S.K.: 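Before we start, here is the structure in question, set down as structure tokens.
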Amino acid sequence: MGERLAGRVALVTGGGSGIGRATVLRFVAEGAAVAVLDVRGEAAAETVALVPDGSALALTADVTVAAEVDAAVDAAAARFGRLDVLVNNAGTFGVLGSVEVIDEADWDRCMAVNVKGVQLCSRAALRHFAPAPGESAGIVNVASVAGLVGIGWASVYCASKGAVVALTRQMALDLGPRQVRVNAVCPGTVLTPMSEPLLAVRGGGDLAAGIAMTVEKYPIGRLGTPAEIAAAVLFLASEEASFLTGSIVAADGGMTAG
Ligand code: 1HS
């Protein structure tokens with residue numbers, strides 16, 4: 001398809017499904033070798049099976065466990081000989097509900113996956129980033145419109161994605177001098193297994209009604225697709241975005257424009 005990531009090595013967390021899988025497929029189509037990390041090893045393997053032999057590697061790790069993350073990232077760098085791009089895509093909605101009803105363990109788990117996971121994966125990847133003079137390495141954090149505006153019933157998810165937005169800006173400051181760019185994509189709703197429970201709750205248990213109510217929030221008149229989010233991730237990861245760092249890019253059909 002193209003050569004926008006020719007010769008580059010990327011690692012995509014949560015690469016076994018949804019936006020993560022679409023990102024892997026797009027990166028490979030643009031010439032990258034990609035390590036596909038997922039807490040569900042079989043899902044990572046399914047993604048790898050969709051691309052030509054040798055261009056992707058399946059890795060199993062829980063992004064909240066430092067030893068697992070370090071081992072997986074080291075294995076990716078060893079297999080492909082370098083690491084240039086990290087996409088922090090692994091995430092969870094966690095449990096839906098207002099702050100009154102989320103219990104402590106559920107709050108902690110969502111924050112751990114969505115926020116601590118970004119730190120652990122970034123820390124591990126940074127040990128391997130070594131951009132050539134005139135080039136950059138890149139981290140793309142997949143945040144959410146929920147990091148920009150409040151979403152009903154999504155208290156801990158909003159808190160976690162707001163933290164990812166803040167952390168993206170903070171990391172850009174520390175890592176800029178090392179030629180490591182850090183940006184975030186804030187997707188609007190994409191119909192995936194992760195988003196369906198919220199849409200069903202919104203529709204009073206009726207998923208189709210929930211989708212219709214949600215589409216009303218999108219000026220473009222529809223929900224997004226994984227490929228549309230992957231295209232934004234690709235841009236930020238590529239050298240076309242060489243002067244972008246600390247940027248928060250809404251890929252949301254205008255949902256947060258008003
Ligand atoms: C799941 C994704 O991060 C978006 S959060 C929900 C936004 S919407 O339901 O108001 O479109």
Side-chain angles (χ1 to χ4, degrees), residues 12-23 38-40 43 63 87-99 101-102 106-107 109-118 121 139-169 183-233 236 247-258:
V12 179
T13 71
S17 62
I19 292 168
R21 175 173 288 177
T23 299
D38 204 286
V39 69
R40 296 177 301 123
V63 296
V87 180
N88 282 310
N89 166 76
T92 177
F93 244 131
V95 172
L96 290 171
S98 75
V99 292
V101 302
I102 306 291
D106 290 333
W107 185 278
R109 179 65 188 165
C110 185
M111 293 297 286
V113 173
N114 293 358
V115 187
K116 179 182 168 185
V118 171
C121 293
I139 296 175
V140 182
N141 294 327
V142 179
S144 169
V145 292
L148 304 174
V149 297
I151 306 292
W153 295 294
S155 60
V156 65
Y157 186 71
C158 284
S160 71
K161 293 301 186 178
V164 172
V165 168
L167 183 57
T168 298
R169 293 191 174 109
N183 295 289
V185 174
C186 290
T189 290
V190 170
L191 200 54
T192 66
M194 195 178 103
S195 59
E196 283 183 13
L198 174 68
L199 301 179
V201 167
R202 184 173 288 150
D206 180 341
L207 177 61
I211 292 171
M213 293 168 70
T214 303
V215 167
E216 289 289 311
K217 300 166 72 170
Y218 288 76
I220 212 162
R222 62 176 175 80
L223 304 182
T225 67
E228 288 176 311
I229 308 307
V233 174
L236 293 172
S247 290
I248 310 300
V249 177
D252 68 352
M255 188 270 199
T256 57

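First listed ligand is number 1; within each ligand, the first listed atom is number 1. Everything quoted here is computed from the prediction, not taken from an experiment.
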S.K.: Run the numbers for me: atoms of ligand 1, each under 4.0 Å from some heavy atom of Phe93, listed by number.
M.R.: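 Answer, ordered by atom number: 1 (C).
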S.K.: Among all protein heavy atoms, pick the one closest to atom 5 (S) of ligand 1 and tell me residue, atom and distance.
M.R.: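 That would be Ser144 OG, 3.7 Å.
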S.K.: When you look for heavy atoms under 4.0 Å from ligand 1, do you find them on the side chain of Val190, its backbone, both, or neither?
M.R.: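 No part of Val190 comes within reach of ligand 1.
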S.K.: How far is atom 10 (O) of ligand 1 from the closest protein heavy atom, and which atom is that?
M.R.: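 Going by distance alone, atom 10 (O) of ligand 1 is nearest to Lys217 NZ, 2.4 Å.
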S.K.: Considering non-hydrogen atoms of the protein only, which is the closest contact for atom 6 (C) of ligand 1, and what is the distance?
M.R.: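 Protein heavy atom with the smallest distance to atom 6 (C) of ligand 1: Thr189 OG1, 3.5 Å.
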S.K.: Rounded to the nearest 0.5 Å, what's the gap from OG1 on Thr256 to CD1 on Ile248? Could you check?
M.R.: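 CD1 of Ile248 is found 11.5 Å from OG1 of Thr256.
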S.K.: How far does CG of Leu223 sit from CE of Met255, to the nearest 0.5 angstrom?
M.R.: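 With rounding to 0.5 Å, CG (Leu223) is 10.5 Å from CE (Met255).
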S.K.: Quick one: CG on Leu207 to CG on Leu198, what's the gap to the nearest 0.5 Å?
M.R.: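 Reported to 0.5 Å precision, the distance equals 10.5 Å.
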S.K.: Hey, looking at atom 9 (O) of ligand 1, which of Met255, Arg202, Lys161, Glu216 has the closest heavy atom?
M.R.: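 Closest candidate by heavy-atom distance is Arg202.
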S.K.: What atoms of ligand 1 come within less than 4.0 Å of a heavy atom belonging to Leu198?
M.R.: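 Those qualifying, in numeric order: 6 (C), 9 (O).
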S.K.: To the nearest 0.5 Å, what is the distance between OG on Ser195 and CZ on Phe93?
M.R.: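 Result: 6.5 Å between the selected atoms.
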S.K.: Would you mind running through ligand 1 and noting each atom that sits below 4.0 Å from a heavy atom of Tyr157?
M.R.: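 Once the distances to Tyr157 are compared, the set is 1 (C), 2 (C), 3 (O), 5 (S).
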S.K.: Could you tell me the separation between the CD1 atom of Ile220 and the CD atom of Glu228, rounded to the nearest 0.5 Å?
M.R.: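 CD of Glu228 is found 7.0 Å from CD1 of Ile220.
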S.K.: Around atom 11 (O) of ligand 1, find the nearest protein heavy atom and jot down its residue, atom name and distance.
M.R.: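 Residue, atom and distance for the closest contact: Tyr218 OH, 2.5 Å.
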S.K.: Closest heavy-atom contact between Gly18 and Pro226?
M.R.: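 Of all heavy-atom pairs spanning Gly18 and Pro226, the closest is O-CB, 3.9 Å.
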S.K.: For Thr92 and Arg109, test the side chains for any donor-to-acceptor distance below 3.5 angstrom and give the result as yes or no.
M.R.: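 Judged by distance alone, the side chains do not pair up.
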